[in-house]
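First the structure, in the form of structure tokens, and then the observations on it.
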Amino acid sequence: MSIEKVNDLVIRGKAKLVPAAVQEALDEGCSATDLLDTMIAAMDVVGENFKNGEIFVPEMLISAKAMKKGVEVLKPHLATGATGALGKVIIGTVAGDLHDIGKNLVAMMIESAGFEVIDLGVDVPVEKFLSTYEENPDTKIVACSALLTTTMPALEATVAAVNAAPWRSKVKVMVGGAPITQEFADKIGADAYTPDAASAAKRAKELVS
Ligand code: B1M
């Protein structure tokens, strides 16, 4: 089955082969969400292999590249109807953190839900979130991703800076990423936490309605 092949190719970091395998699986009738889930599961295996010392950072990186190639093929199937009509969302991975696959998925699903997304990328300093809001005062949501326990303080600092801004009441703050919990989000004063990209898009719509 091509879906298993996709999982295996992402684990092995075969970026050149992943797009064709994803397309093949779609042609066989696999759903885009199942294919996304299998790639996320593949990255969990990669993470475990890294934790166990079986692979190292370069292997993690090539698996990430492979997944990104697969997501490119899935994008038209996952993201539809981008209109920007619901307003602007500023999104970024916090300072010190280079992980962007989850953040990109959240950006894609939020855009697809009808928002205009301003994606600041990875390793985004607190000041960049603030200055981007100030350049775009019609922004409805600031969304921050953190994937490392060591960058949770940067997430906290980012939310604290937004909470201290004079325009705080005009914007909602969303947070997420593997180590983040609802409890942590509440503690740092974020308006919303969601565990995955699909629920982030749903919550974003609720926050502005
Ligand atoms: Co990194 N890494 N990594 N890594 N990496 C993890 C996160 C890790 C869990 C692996 C492990 O040890 N098992 C571990 C963190 C441990 C911890 O903090 N407790 C780890 C580590 C240790 C590191 C380094 C420190 C390794 C080193 O250098 N010694 C280093 C740090 C670099 C840095 O950031 N400063 C590092 C580097 C890297 C690479 C650069 C090689 C690469 C990232 C490449 C890239 O992103 N372009 C990488 C990768 C690929 C991983 C794993 C294997 C996969 C991450 C991923 O893309 N997952 C990861 C293990 C794992 O996650 N299982 C690991 C798929 C993605 C779809 O899931 O990002 O969780 P995720 O997003 C989810 C949700 O979290 C949520 O939605 C998405 C799903 O729909 N979500 C949000 C995310 N953001 C959200 C925001 C929201 C809402 C939901 O609202 C705003």
Side-chain angles (χ1 to χ4, degrees), residues 7 10-13 15 32-72 74-75 78-79 89-113 115 117-125 129 139-155 158-159 162 171-182 184-185 188 190-207:
N7 182 280
V10 170
I11 292 172
R12 295 196 288 125
T33 47
D34 282 351
L35 281 160
L36 184 60
D37 286 346
T38 205
M39 288 197 276
I40 293 175
M43 294 310 275
D44 285 341
V45 173
V46 171
E48 278 306 299
N49 291 346
F50 172 76
K51 204 165 76 180
N52 298 334
E54 290 162 30
I55 61 165
F56 300 95
V57 170
E59 286 96 334
M60 260 204 304
L61 198 53
I62 57 170
S63 285
K65 282 187 182 152
M67 173 154 181
K68 285 185 177 189
K69 289 282 178 198
V71 172
E72 276 172 26
L74 286 186
K75 192 171 175 181
L78 291 168
V89 175
I90 297 170
I91 191 166
T93 304
V94 298
D97 200 322
L98 302 175
H99 297 83
D100 69 353
I101 296 179
K103 182 268 298 167
N104 293 346
L105 288 175
V106 173
M108 186 174 90
M109 298 303 274
I110 283 183
E111 189 178 58
S112 180
F115 290 91
V117 172
I118 302 173
D119 189 343
L120 302 179
V122 296
D123 191 15
V124 181
F129 280 103
T139 295
K140 298 281 198 311
I141 297 172
V142 175
C144 310
S145 177
L147 254 291
L148 299 168
T149 45
T150 51
T151 55
M152 288 169 74
L155 180 65
T158 306
V159 176
V162 174
V171 77
K172 299 288 183 192
V173 179
M174 292 180 66
V175 295
I180 310 307
T181 60
Q182 182 66 56
F184 184 73
I188 66 175
D191 296 306
Y193 156 79
T194 57
D196 57 47
S199 56
K202 191 166 169 266
R203 193 79 180 95
K205 278 174 108 170
E206 289 165 5
L207 286 173

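We count ligands from 1, going down the list as the structure has it; atoms in each ligand are counted the same way.
By heavy-atom distance, the residue among L148, D97, V142 lying nearest atom 14 (C) of ligand 1 is L148. Between atom 74 (C) of ligand 1 and the options G176, P195, G47, G102, the minimum heavy-atom separation is to P195. Which of M174, M108, H99 comes nearest to atom 37 (C) of ligand 1 through a heavy atom is settled by distance: it is H99. Comparing heavy-atom distances from atom 44 (C) of ligand 1 across A64, A95, A143 singles out A64 as nearest.
In this structure, atom 50 (C) of ligand 1 lies nearest to the protein heavy atom M43 CE, 3.4 Å. The closest protein non-hydrogen atom to atom 51 (C) of ligand 1 is M60 SD, 3.5 Å. Ranking the protein heavy atoms by distance from atom 70 (O) of ligand 1 puts L147 CD1, 3.5 Å first. For atom 27 (C) of ligand 1, the closest non-hydrogen atom of the protein is V57 CG2, 3.6 Å. Protein heavy atom closest to atom 29 (N) of ligand 1, with residue, atom name and distance, is F50 CZ, 3.8 Å. For atom 89 (C) of ligand 1, the nearest protein heavy atom (residue, atom name, distance) is T194 O, 3.3 Å. Here the heavy atom of the protein found nearest to atom 39 (C) of ligand 1 is L61 CD1, 4.3 Å. Residue, atom and distance of the protein heavy atom nearest to atom 80 (O) of ligand 1 are A197 N, 2.9 Å.
On a distance-only criterion, T149 and ligand 1 share at least one N/O pair closer than 3.5 Å. An N or O contact shorter than 3.5 Å links S145 to ligand 1 by distance. When only interatomic distances are considered, the shortest N/O to N/O separation between D44 and ligand 1 falls below 3.5 Å. Residue C144 has no nitrogen or oxygen atom sitting less than 3.5 Å from a nitrogen or oxygen atom of ligand 1, judged on distance alone. Geometrically, ligand 1 and D100 share a nitrogen or oxygen pair separated by less than 3.5 Å. Considering backbone and side-chain atoms alike, L98 places an N or O below 3.5 Å from some N or O of ligand 1.
The presence of a protein heavy atom under 4.0 Å from atom 8 (C) of ligand 1 is ruled out. For atom 16 (C) of ligand 1, the nearest protein heavy atom is 4.0 Å or more away. Within a 4.0 Å radius of atom 24 (C) of ligand 1, the protein contributes no heavy atom.
Set against the non-hydrogen atoms of A178, the atoms of ligand 1 under 4.0 Å away are 70 (O), 75 (O). Which parts of ligand 1 touch K68 is read off a 4.0 Å heavy-atom cut-off, strictly below it: atoms 47 (N). Near G96, the atoms of ligand 1 lying under 4.0 angstrom from a non-hydrogen atom of the residue are 33 (C), 34 (O), 35 (N). Residue L105 approaches ligand 1 through these ligand atoms, each under 4.0 Å from one of its heavy atoms: 67 (C).
Side-chain atoms of N7 come within 3.5 Å of backbone N or O of T38 as a donor-acceptor pair. Looking only at distances, a side-chain donor or acceptor of S63 sits under 3.5 Å from a matching main-chain atom of V10. In this structure, T151 contributes its side chain and G96 its backbone to no donor-acceptor pair below 3.5 Å. Side chain of D97 to backbone of D123: no donor-acceptor contact under 3.5 angstrom is found.
Taking OG1 of T139 as the reference point, atom CD1 of I118 lies at 5.0 Å (rounded to 0.5 Å). With values rounded to the nearest 0.5 angstrom, S112 atom OG is found 9.5 Å from K75 atom NZ. Interatomic distance, CG of L36 versus CE of M109, reported as 7.5 Å (0.5 Å rounding).
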For this session: Given side chain to side chain contact (heavy atoms under 4.5 Å, CB included), test I101 with M39 step by step and report yes or no.
Result: CA-CA 11 Å; I101 296 179; M39 288 197 276; over 6 Å; no
For this session: Test L147 against T93 for side chain to side chain contact (heavy atoms under 4.5 Å, CB included), laying out the working first.
Result: CA-CA 8 Å; L147 254 291; T93 304; 6.0 Å; no
Exercise. Hey, mind stepping through K68 and E72 against salt bridge (Lys or Arg N to Asp or Glu O under 4.0 Å) and telling me if it holds?
Worked result: CA-CA 6 Å; K68 285 185 177 189; E72 276 172 26; over 6 Å; no
Problem set entry | Working for side chain to side chain contact (heavy atoms under 4.5 Å, CB included), residues M152 and V94 | CA-CA 9 Å; M152 288 169 74; V94 298; over 6 Å; no
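At a threshold of 4.5 Å between non-hydrogen side-chain atoms, the residues V46 and E59 do not count as touching. The side-chain heavy atoms of M67 and I40, taken from C-beta on, include a pair separated by under 4.5 Å.
The two residues H99 and V122 make their nearest non-hydrogen contact at O-CG1, 3.9 Å.
Of the heavy atoms in V106, only side-chain atoms (C-beta onward) come closer than 4.0 Å to ligand 1. At a heavy-atom cutoff of 4.0 Å, ligand 1 is contacted by the backbone of V175 but not by its side chain.
With D119 as the partner, the side chain to side chain contact (heavy atoms under 4.5 Å, CB included) test is satisfied by one option alone out of V89, I90, N104: N104. If you run side chain to side chain contact (heavy atoms under 4.5 Å, CB included) between Y193 and each of V175, T181, I188, only V175 comes through.
By the 4.0 Å heavy-atom criterion, G177 is counted among the residues contacting ligand 1.
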